[in-house]
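This report concerns only the one structure given below.
All values reported here derive from a predicted model rather than from experimental measurement. Order of the sequence lines fixes the chain letters, A, B, ..., with proteins taken first and strands second; residue numbering starts at 1 for each chain.
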Amino acid sequence: MGNVKSGQIVLEGSEQGFATTRFDALLNWARKYSLFQYPFVTACCGMEFMSLNGPRFDGLARFGAEAPRFTPRQADLLWVVGTIVQRQAPVLKRVYEQMCDPKYVIAFGTCASCGGFYDNYTTVPGIDKIIPVDVYIPGCPPRPEAVIDGLMLLMDKIASGRRETPAIVKPHNDPVGDRLVTLGKGSPRELEIGPQSRTRDDRPNTPAHAFLPKKAAT
Amino acid sequence: MSQLLLDKLKARFGERILETSSFRGDEVAVVAPTDWLDVAQFLRDDPACDMSMFIDITVVDYPEREARFDLVLMLYSLHKGHRVRLKTRLADGATVKTVTPLWAAANWFEREVYDMFGVKFEGHPDLRRILMYEEFEGHPLRKDYAADRTQPLVPYRPEAKDKLAPFRADEGMPFGRRDWSPRDDAWKTDDIAHNEEHLAEAIANDPAETR
Amino acid sequence: MEPQDYDIAEDDLALPAEPMRINMGPSHPAMHGTIRMIVDVDGESIKNVDVQIGFLHRGFEKMCERGTWTQVFPYTDRLNYVSPMICNVGFAMAVEKLAGITVPERCQWYRTVLSELSRITDHLTCNGAMAMELGAFTPFLWMMKAREHVWDLLEEETGARMTHSFARIGGMAKPPTPNLKHRVEEVLLAVEDILVECEALLFKNRIFLDRLQGVGAISAAEALQFSWTGPTLRSTGVAYDVRRAHPYLVYDQLEFDIPVGSDGDNFDRYMVRHEEIKQSIRILRQCNKLMPDDGPIDVTDRPEVVLPPKNDVYTTIEGTIQHFKLIMEGAKIPKGEVYSFVEGGNGEFGFFIVSDGSGTPYRVRIRPPCVFTLQGFPRMIRGHMIADIVPTFGSVNMIGGECDR
Ligand code: SF4
């Protein structure tokens, strides 16, 4: 018997040796561990992206997101790493459109998230002006630890199936915290994406045993 | 040592060298646009100058001057180890002969000067834009091109939210100390009004503000 | 059975091919993201290439006209982001040349140490990426490991892994940490070990050698015609190195060799970079011996450009005013223009700066060495196969930030 919550799946073997779950939850669970990435690497952040792949951090293979696919048609995770300028924008859009659903986008670095300190005639102020984004990883460049955080946020989003609001990797101690105002009509103020949100300040609210298999309900 | 070079130039061209100067060890000679190629050719071919290496070509824009562009060519002699800067002053729309036949390396850099400043080179084999895209209008590095004026190639998504600066559009650090352009600021005021609308809405919706 | 086509010349077997035009990039794994090439091929051999740059043009020069002189430093980091400290130091030296400042001796040593560390990371990254693109993933990972060691050290010194923004006009942001020398030695040993391992892995590898040797060759005369500098020029046999030809900082007190190649092919470029890492290690060892352990880092007699000590800012009114003026108005650099250059990771990295006497740069122009190399690319690749584009382009070490600014 399995304990199925919305957007979350806990598999347990029973005596009969089978487990039950909701089909879409199973699908999401499977998806989150087999991301095929398309690295769209343009600028300085690419150096950190190399480090992320390197032996010290090994930040992608551990999460099943290592295999790069250099054709967008076979990829489902688009890493936008670095500054996107107006001239590059049609290319990025086209790459995104060529990907098959479900597709996820991670904005790696400040430039991809909002244009960074290139506030001028040639830089796109954030790739979300062109394509929707699932996870923003700020930092110029973000440290590999932050990127790993971002990848885990994305995996949580995939597992929960809720994609309406993008997730942001927050610093350990967020100076703004919940005073952050999100603008625009109807936009929710909270950017967390569910019970398993992995932003650090949410962690104390998520007891560690929530991630462990539960004893079968009596 | 390079002072010799300037002397040599003066001896050869006399009045045609309009100005020479030497500042912190950098030698500069100014010529008229019509003499540009001749002097460059001399600098390359004369055995005492022997400027075998092209270093850079660029423009400095002084919009308040009649001949607003300073075209600067930097040269280096690999064997003699000296450097010189050749300068000419160009008005908007004036052209100058290309130095591509002398140094093949000048090709892309003249394209870049054309792209960024709109200075045209006569006889250049392939004068296209190089850094910006073909559809781009204007020349971004001119002082009177507003630095934040974008010309997007793909329309922005309607659901993309505006970036709200921590300060209003008319506050904070100005873009440069001097505003070069007596430009039409309508879009900017629009921006302010737009932002203020957003701000008011945000404050109204924000329980923290009413606390 | 005897092969039937025994004495047929290879030309007879070749299928007639229409000339074709194919597009590579700008989002192609071997194009490092930001270059587009329109390749005219005949069969598989390349007739011509139109290299298009500008897919990472971020308006560096325009942004420099915005803030104060000091605010340019973060932008210079992101020019050649594989060796950011060299760009930092280069810009600081240019402004100092314009203002007529000579930094104290200890600062010059410190800048040399940081530049050489940066050069090591640059060449490690370039060689690693080049090997990876040929399918040799292990050396890439090892070189990343080595780079990580150097980055650790740089992080301890400057506070950032790669975008340091550490140089200042007339000094550095912070004095060296006390255990700099000890750490440098530690890191150098680790890097040396990894280099030996990579040599063992690559230099007897037939595939690696075959893909590099004789491919993308260019003669010294042509390289000079395209104004190449740096490792790519040296691979053709011309020993032009700014550090030797126009010694800056303390390079005239240091002993090092300039490795040169002979053929100017991909293998020579690889080897020149490889050897330069070793020379940098040699330089760093000498720096370890010669660098003074105490002394000022910032110039002390130029209060109009250098921030006062923090203690003075909080306790004296002069200090506060000076700090305020320097931050809000920027250092007033005298009117004039200079060209100053250093040996960057890719060659002569020049800054042409113009000041109008206010606190804001009037014009900052950099001379990007890898554009020159890239301009010679069609010449290098003509007549080779499409697959040769990958290692040849890798050996150019095109860095988007520097190339497109
Ligand atoms: S966020 Fe910073 S490091 Fe990343 S691409 Fe932009 S400028 Fe470069």
Worksheet item: Do the non-hydrogen side-chain atoms of C/Lys62 and B/Lys143 ever get within less than 4.5 Å of each other?
Response: no
Item to complete: Can you tell which part of B/Ile57 gets under 4.5 Å to a heavy atom of chain C, answering side chain, backbone, both or neither?
Response: backbone
Discussion item. Would B/Leu131 and C/Phe55 count as a side-chain contact (heavy atoms from CB on, under 4.5 Å) here? Give the steps.
Written reply: CA-CA 7 Å; B/Leu131 293 180; C/Phe55 287 91; over 6 Å; no
Worksheet item: Is there a donor-acceptor pair closer than 3.5 Å between any side-chain N or O of C/Arg363 and the backbone N or O of B/Val59?
Response: yes
Worksheet item: Is there a side-chain contact between C/Lys335 and B/Phe23 (heavy atoms, below 4.5 Å)?
Response: no
Worksheet item: Do C/Lys97 and B/Asp26 pass the side-chain contact (heavy atoms from CB on, under 4.5 Å) test, and can you show the C-alpha distance, the side-chain angles, and the key distance before you say yes or no?
Response: CA-CA 10 Å; C/Lys97 182 175 174 187; B/Asp26 289 9; 2.9 Å; yes
Worksheet, complete the sentence: Minimal heavy-atom distance between B/Arg24 and C/Pro334, with the atoms involved, is NH2-CG, 4.4 Å
Worksheet item: How about C/Gln225 and B/Met53: do any of their side-chain heavy atoms sit closer than 4.5 Å?
Response: no
Fill in: Interchain contact, B/Arg129 with chain C, by part (heavy-atom threshold 4.5 Å)
neither
Discussion item. Quick check for you: to the nearest 0.5 Å, what is the distance between B/Thr58 atom OG1 and C/Ile366 atom CD1?
Written reply: 10.5 Å
Worksheet item: Could you state the interatomic distance from CD (C/Glu65) to CG (B/Asp61), rounded to the nearest 0.5 Å?
Response: 8.5 Å
Worksheet entry | Residues of residues 339-347 of chain C within contact distance of chain B, non-hydrogen under 4.5 Å | C/Tyr339, C/Phe341
Item to complete: Check whether C/Val364 gets within reach of chain B through its side chain, its backbone, both or neither, counting any heavy atom under 4.5 Å.
Response: neither
Item to complete: Name, in order of residue number, those residues of residues 132-142 of chain B that have a heavy atom at a distance of less than 4.5 Å from a heavy atom in chain C; otherwise write 'none'.
Response: B/Met132, B/Pro140, B/Leu141, B/Arg142
Practice prompt. With chain B as the partner chain, list the residues of residues 395-403 of chain C whose heavy atoms fall under 4.5 Å from it, by residue number, and write 'none' if nothing qualifies.
Written response: none
Worksheet, complete the sentence: Heaviest contributor of heavy-atom pairs below 4.5 Å to chain C, chosen from B/Asp126, B/Leu78, B/Leu102, is B/Leu78
Worksheet entry | Residue-level interface, residues 109-122 of chain B with chain C, non-hydrogen cut-off under 4.5 Å | B/Phe109, B/Glu112, B/Met116, B/Phe117
Worksheet item: Any donor-acceptor pair under 3.5 Å linking the side chain of C/Arg367 with the backbone of B/Asp56?
Response: no
Discussion item. With rounding to the nearest 0.5 angstrom, report the CD to CD1 distance, C/Glu348 to B/Ile55.
Written reply: 4.0 Å
Practice prompt. To the nearest 0.5 Å, tell me how far B/Trp108 CH2 sits from C/Ile53 CD1.
Written response: 5.0 Å
Worksheet item: C/Leu224, C/Leu56, C/Val338: which one forms the most heavy-atom pairs within less than 4.5 Å of chain B?
Response: C/Val338
Worksheet item: Checking ring pair (Phe, Tyr, Trp, His ring centres under 6.0 Å) for the pair B/His79/C/Tyr240: CA distance, chi angles, key distance, verdict?
Response: CA-CA 10 Å; B/His79 302 293; C/Tyr240 172 62; over 10 Å; no
Item to complete: Measure distances from C/Ala239 to the heavy atoms of chain B and classify the residue's part below 4.5 Å as side chain, backbone, both or neither.
Response: neither
Item to complete: May I have the step-by-step check of side-chain contact (heavy atoms from CB on, under 4.5 Å) for B/Phe54 and C/Phe226, ending in yes or no?
Response: CA-CA 8 Å; B/Phe54 167 91; C/Phe226 284 115; over 6 Å; no
